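If you're wondering where the values come from, they're calculated on a predicted model, not measured in any experiment. Just so it is clear, the values below take in all heavy atoms, side chains as well, and ignore hydrogens, waters and symmetry mates. Whatever order the structure lists ligands and atoms in, that order sets their numbers, starting from 1.
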Amino acid sequence: MNEVKVLITDDEIKKRVHELALAIKTEFGENIYCVVILTGAIVFFVDLLRALTELGACVKYSLVKVSSYKRKESAGTINLELGMEEKIDGKRILLVEDIVDTGVTLDFLKKYLLGKNAEEIKICALLDKKARRKKHIKIDYIGFKVPDKFVVGYGIDYDQQYRDLSYIGVID
Ligand code: IMP
Ligand code: MG
């Protein structure tokens, strides 16, 4: 295992998740439909869901899975591994992602959801790694901006490792 340096502590994450929930609840109101991108966003989403329900929101969600990332290199092409069966015609969607890097994944999924006749798609990403962006993507809710480093923890992995860390760190 490589050494992990703490970048964002669990307390900082907790605080930020509550701030994001408040902003989302204010804009969306009581009924919120989330589409969560597996696998990395799951830890963040569960905390966000709890924060939203504490604020009195009713949250529904679906899961999607794509693949593109092979170890440290982004392949650039996206495969939809798990799509959605739920109907989202006319729905306002909050798409939840762990980290935005090139933006290719979100660009693909946004088109996928619009193709299923979603009315509007807002994006919530825990981390924004802007340095390597290839597709212009508007991220409506950002947890933290991160430098151009490989980050892990709080659901985010390196080769399936480190997802269980309670904080976000950088591997050397
Ligand atoms: P994008 O399509 O290049 O924006 O990549 C998004 C996906 O790449 C994310 O959902 C992550 O799964 C993965 N990814 C990007 N940067 C990192 C990182 O620093 N650590 C772990 N996974 C990452
Ligand atoms: Mg991902």
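- Residue Gly103 approaches ligand 1 through these ligand atoms, each under 4.0 Å from one of its heavy atoms: 1 (P), 3 (O), 4 (O).
- Salt-bridge formation is not detected for the pair Lys14/Glu12: no Lys NZ or Arg NE/NH1/NH2 atom is positioned less than 4.0 Å from an Asp or Glu carboxylate oxygen.
- Residue Thr102 approaches ligand 1 through these ligand atoms, each under 4.0 Å from one of its heavy atoms: 1 (P), 2 (O), 3 (O), 4 (O).
- Taking all atoms of both residues into account, the shortest heavy-atom contact from Ala125 to Val100 is CB-CG2, 3.5 Å.
- Note: no N/O pair closer than 3.5 Å links Ile78 and ligand 1 by distance alone.
- Closest non-hydrogen pair, Ile121 versus Lys110, comes out as CD1-O, 3.6 Å.
- Close approach to Ile156 involves these atoms of ligand 1, each under 4.0 Å from a residue heavy atom: 20 (N), 21 (C), 22 (N).
- Here Thr105 has heavy atoms under 4.0 Å from ligand 1 in both its backbone and its side chain.
- Among the candidates Arg132, Lys134, Lys149, the single residue satisfying the salt bridge (Lys or Arg N to Asp or Glu O under 4.0 Å) test with Asp101 is Arg132.
- Per-residue contacts place Glu97 under 4.0 angstrom from the following atoms of ligand 1 (heavy atoms of the residue considered): 9 (C), 10 (O).
- No heavy atom of Gly40 sits closer than 4.0 Å to any atom of ligand 1.
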Self-check item: Candidate pair Val17 and Phe44, rule side chain to side chain contact (heavy atoms under 4.5 Å, CB included), full reasoning
Solution: CA-CA 8 Å; Val17 167; Phe44 168 49; 4.0 Å; yes

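- Looking at Arg132 against ligand 1, nothing comes within 4.0 Å, counting heavy atoms.
- Shown in contact with Lys149 at under 4.0 Å from a heavy atom are these atoms of ligand 1, numbered in order with element: 19 (O).
- For ligand 1 and Asp98, the ligand atoms under 4.0 Å from any heavy atom of the residue are 9 (C), 10 (O), 11 (C), 12 (O).
- A donor and an acceptor atom, one from each side chain of Asp10 and Tyr154, are nowhere located under 3.5 Å apart.
- Ligand 1 lies within reach of Asp157, whose nearest heavy atom is under 4.0 Å from it.
- Cluster membership for Val96 and Ile78, using ILVMFWY side-chain heavy atoms within less than 4.5 angstrom, is not shared.
- Taking the charged nitrogens against the carboxylate oxygens, Arg92 and Glu27 do have a contact shorter than 4.0 Å, which makes a salt bridge.
- Using a 4.0 Å cut-off between charged side-chain N and carboxylate O, Arg163 and Asp157 make a salt bridge.
- Applying the 4.0 Å criterion to heavy atoms of Lys129 picks out, from ligand 1, the atoms 16 (N), 17 (C), 18 (C), 19 (O).
- Checking only distances, Val152 never comes within under 3.5 Å of ligand 1, N or O to N or O.
- Neither the backbone nor the side chain of Lys134 comes within 4.0 Å of ligand 1, counting heavy atoms alone.
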